[in-house]
Amino acid sequence: MVRWVALFWGFVAFFPVGLNYTAFVLLGVTMAWEGGLGERLARLRQTPYWWPAWAFLGWAALALLLGPHYPETASNALHALRIVLTLALALALARDEALWALRGFVLGLVVSLLLAGLNEAVALPAAPVWNSIIRYDGNKSLANAVQMALAAVSALLLLPALGARGRVAAALLASGLLLVLVGVLHSRTAWLVLVLGLGVGLLHRLRGRRRQQLVALAAAATLALAAGLLLPGVKQRVQQGAGELASAYQGQTVHMDSSWGIRYRMYRETTAMIAERPLLGWGIGGWSTQWRQRVDGPLTEVNMPHNDFLWMGAQAGVPGALALLWLLLAGWPAAWRRHDLNGCLAAVALLAMLLAVLGNSALRDASMGLSLWFIVLVIQRLASQPQPLWQGLWPGAAALPARR
């Protein structure tokens with residue numbers, strides 16, 4: 001049952017957050033029902049995330065106990081707990097269970113591409129189940145775009161290690177994902193994941209070969225420049241963001257539709273919150289109250305700072321933000337030390353999560369924190385094994401060595 005629920009969670013990563021919450025609860029229930037929790041706990045303790053998770057929970061609990069309480073305290077505390085529980089569920093999976101979760105993700109990816117293509121052909125009617133896939137609207141669309149960018153980078157990096165059929169499938173998948181990112185889900189964060197992820201992945205694979213590294217970096221820089229200058233959707237959003245940022249910096253009124261302008265104001269005010277109370281912050285749930293006291297008009301409706309480190313820093317002080325950073329990057333040393341594709345793919349997945357957290361509330365917002373975070377952790381779980389991460393992912397997958 002755990003395998004089937006893991007498959008379900010991977011599949012619904014592209015669909016409404018209610019389905020992700022359903023998978024989250026079902027996975028915990030089925031793990032408890034099937035037993036073997038001692039073995040799962042032992043597996044979890046062997047990961048590099050064990051102590052960072054306790055540090056994050058411990059400091060958040062301290063801020064909760066010693067700090068003031070607000071109307072948003074309960075929901076923010078539950079979100080912090082959900083971040084760690086998602087990690088625990090993903091990393092407690094056995095390898096075959098994690099592989100089923102990744103299969104579900106690939107199936108969801110293919111269905112999402114088909115839906116996006118079908119919408120371009122016949123214009124699908126508006127429906128909550130696929131709105132975030134066929135048009136860019138809200139954080140769920142952003143999560144889908146980032147997940148697609150991560151999948152595209154991973155497919156491209158996998159090409160040299162696959163057999164003939166696998167290379168064709170990976171190339172077609174990457175091409176389809178790039179088309180969706182260009183024409184539908186033109187997220188700036190997704191393009192950062194695409195360009196920087198490809199660059200970091202190539203650096204990981206080409207360590208010790210300086211000339212090839214320079215060529216790879218030049219290619220990634222060229223791709224970034226081409227995306228910014230030639231792709232209409234990306235170019236328009238970058239120009240719009242730059243204008244919003246300049247206006248906000250000059251002190252002009254920030255409007256609700258000003259994405260980068262609002263971020264500038266949020267980051268400035270939240271940094272001031274942290275500077276005023278650097279040790280324990282303003283208390284769990286305190287960001288919204290403090291924000292409403294520092295802004296006026298429609299800006300008071302914003303309920304998160306679109307940067308999870310600032311979110312934790314404002315509510316639990318600098319130690320809270322550092323604990324979250326430790327939690328997020330706990331797997332990076334092991335991924336970078338490995339000289340195989342497993343380490344490469346794990347590092348790229350963590351980079352994608354980091355970029356999403358820096359520019360959006362990718363952990364605090366369940367729309368991303370129950371899909372992208374889960375998939376990134378599944379990749380970490382599979383990458384920690386000696387066998388190739390993709391081995392057994394699809395029928396006939398070549399059992400090639402991960403170390404190349």
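The first residue of the sequence shown is numbered 1, and numbering continues consecutively from there. These figures come from a predicted structure and were not determined experimentally.
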Test log, rule side chain to side chain contact (heavy atoms under 4.5 Å, CB included), inputs Glu276 and Met273: CA-CA 5 Å; Glu276 292 169 18; Met273 294 180 202; 5.6 Å; no
Going through the checks in order, is the side chain to side chain contact (heavy atoms under 4.5 Å, CB included) test met by Leu91 and Arg43? CA-CA 8 Å; Leu91 297 182; Arg43 187 179 299 130; over 6 Å; no
Could you walk me through whether Asp308 and Ile83 pass the side chain to side chain contact (heavy atoms under 4.5 Å, CB included) check? CA-CA 11 Å; Asp308 286 325; Ile83 291 169; over 6 Å; no
Could you walk me through whether Gln387 and Leu382 pass side chain to side chain contact (heavy atoms under 4.5 Å, CB included), step by step? CA-CA 9 Å; Gln387 58 265 58; Leu382 290 169; over 6 Å; no
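In this structure, the side chains of Trp50 and Leu41 come closer than 4.5 Å at one or more pairs of heavy atoms. With contacts defined as side-chain heavy-atom distances shorter than 4.5 Å, the pair Leu363/Trp311 does not qualify. Annotation: side chain of Leu85 is in contact with side chain of Phe24 (closest heavy-atom distance under 4.5 Å). Using a 4.5 Å cut-off on side-chain heavy atoms (C-beta onward), Phe11 and Leu7 make no contact. Between Lys140 and Met368 there is no side-chain heavy-atom pair separated by less than 4.5 Å. Contact annotation: the side chain of Trp291 never approaches that of Glu301 to less than 4.5 Å [non-hydrogen atoms, C-beta and beyond]. Between Asn307 and Thr270, the closest side-chain pair of non-hydrogen atoms is not below 4.5 Å. The shortest distance between side-chain heavy atoms of Val378 and Leu99 does not fall below 4.5 Å.
Atom CG of Leu124 sits about 5.0 Å away from atom CD1 of Ile134, to the nearest 0.5 Å. Phe8 contributes atom CZ, which lies 10.0 Å from atom CZ of Phe15 (distance to the nearest 0.5 angstrom). Interatomic distance, Leu279 CG to Trp59 CH2, rounded to the nearest 0.5 Å: 5.0 Å. Atoms CZ and CG, from Arg381 and Leu389 in turn, are 11.0 Å apart once rounded to the nearest 0.5 Å. Taken from CG in Leu181 to NE2 in His186, the straight-line distance is 10.5 Å, to the nearest 0.5 Å. From Leu355, atom CG reaches atom CG of Leu192 across 6.0 Å, with rounding to the nearest 0.5 Å.
Of all heavy-atom pairs between Ala23 and Val5, the closest is O-CG1, 3.9 Å. Here the closest non-hydrogen pair linking Val146 and Ala190 is N-CB, 4.0 Å. Across all their heavy atoms, Leu44 and Ala88 have their closest contact at CD2-CB, 3.9 Å. Shown here for Pro305 and Leu310, the closest heavy-atom pair between the two residues is CG-C, 4.4 Å. Considering every non-hydrogen atom in both Leu177 and Leu113, the closest pair reads CD2-CD2, 3.7 Å. When every heavy atom of Ala352 is checked against every heavy atom of Val193, the shortest pair comes out as CB-CG1, 3.7 Å.
No donor-acceptor pair closer than 3.5 Å links the side chain of Tyr70 to the backbone N or O of Trp287. Formation of a donor-acceptor pair under 3.5 Å by the Arg205 side chain with backbone atoms of Cys344 is not found in this model. Side-chain N or O atoms of His204 include none that pairs as donor or acceptor with a backbone N or O of Leu345 at under 3.5 Å. With Arg167 contributing its side chain and Leu159 its backbone, the two residues share a donor-acceptor pair below 3.5 Å. A donor-acceptor pair under 3.5 Å is absent between the side-chain atoms of Ser361 and the main chain of Arg364, judged by distance alone. Between the side chain of Thr189 and the backbone N or O of Ala356, no donor-acceptor pair lies under 3.5 Å. For the pair Asn20 (side chain) and Val12 (backbone), a donor-acceptor distance under 3.5 Å is present. Using modelled atom types, no side-chain atom of Ser367 and backbone atom of Ala143 make a donor-acceptor pair closer than 3.5 Å. Counting only distance, with no hydrogens or angles, the side chain of Gln380 and the backbone of Ala346 share a donor-acceptor pair below 3.5 Å. Trp332 contributes no side-chain N or O that, together with a main-chain N or O of Ala347, makes up a donor-acceptor pair within less than 3.5 Å.
Annotation: side chain to side chain donor-acceptor pair (under 3.5 Å) contacts of Gln46 (sequence neighbours excluded): none. Every side chain to side chain donor-acceptor pair (under 3.5 Å) that Ser132 has, sequence neighbours left out, goes to Asn144.
Within 6.0 Å of atom CD in Gln385, more than 12 heavy atoms from other residues, nucleotides or ligands are found, so the atom counts as buried in its surroundings.
Using a cutoff of 4.0 Å between basic side-chain nitrogens and carboxylate oxygens, Arg338 and Asp340 are scored as salt-bridged. Salt bridge Arg40/Glu97: present, at least one basic N to carboxylate O contact under 4.0 Å.
Ring centers of Trp9 and Phe374: under 6.0 Å apart, within the cut-off.
No hydrogens or angles considered: nothing links the side chains of Asn303 and Arg292 as a donor-acceptor pair under 3.5 Å.
Partner Ser288 forms a side chain to side chain contact (heavy atoms under 4.5 Å, CB included) with one of Gln293, Met304, Glu72 and no other, that one being Glu72.
Pairs of residues two or more places apart, or lying in two chains, that qualify as ring-ring contact (aromatic ring centres under 6.0 Å, His included) and include a residue from residues 94-118 are Trp4-Trp100, Phe14-Phe105.
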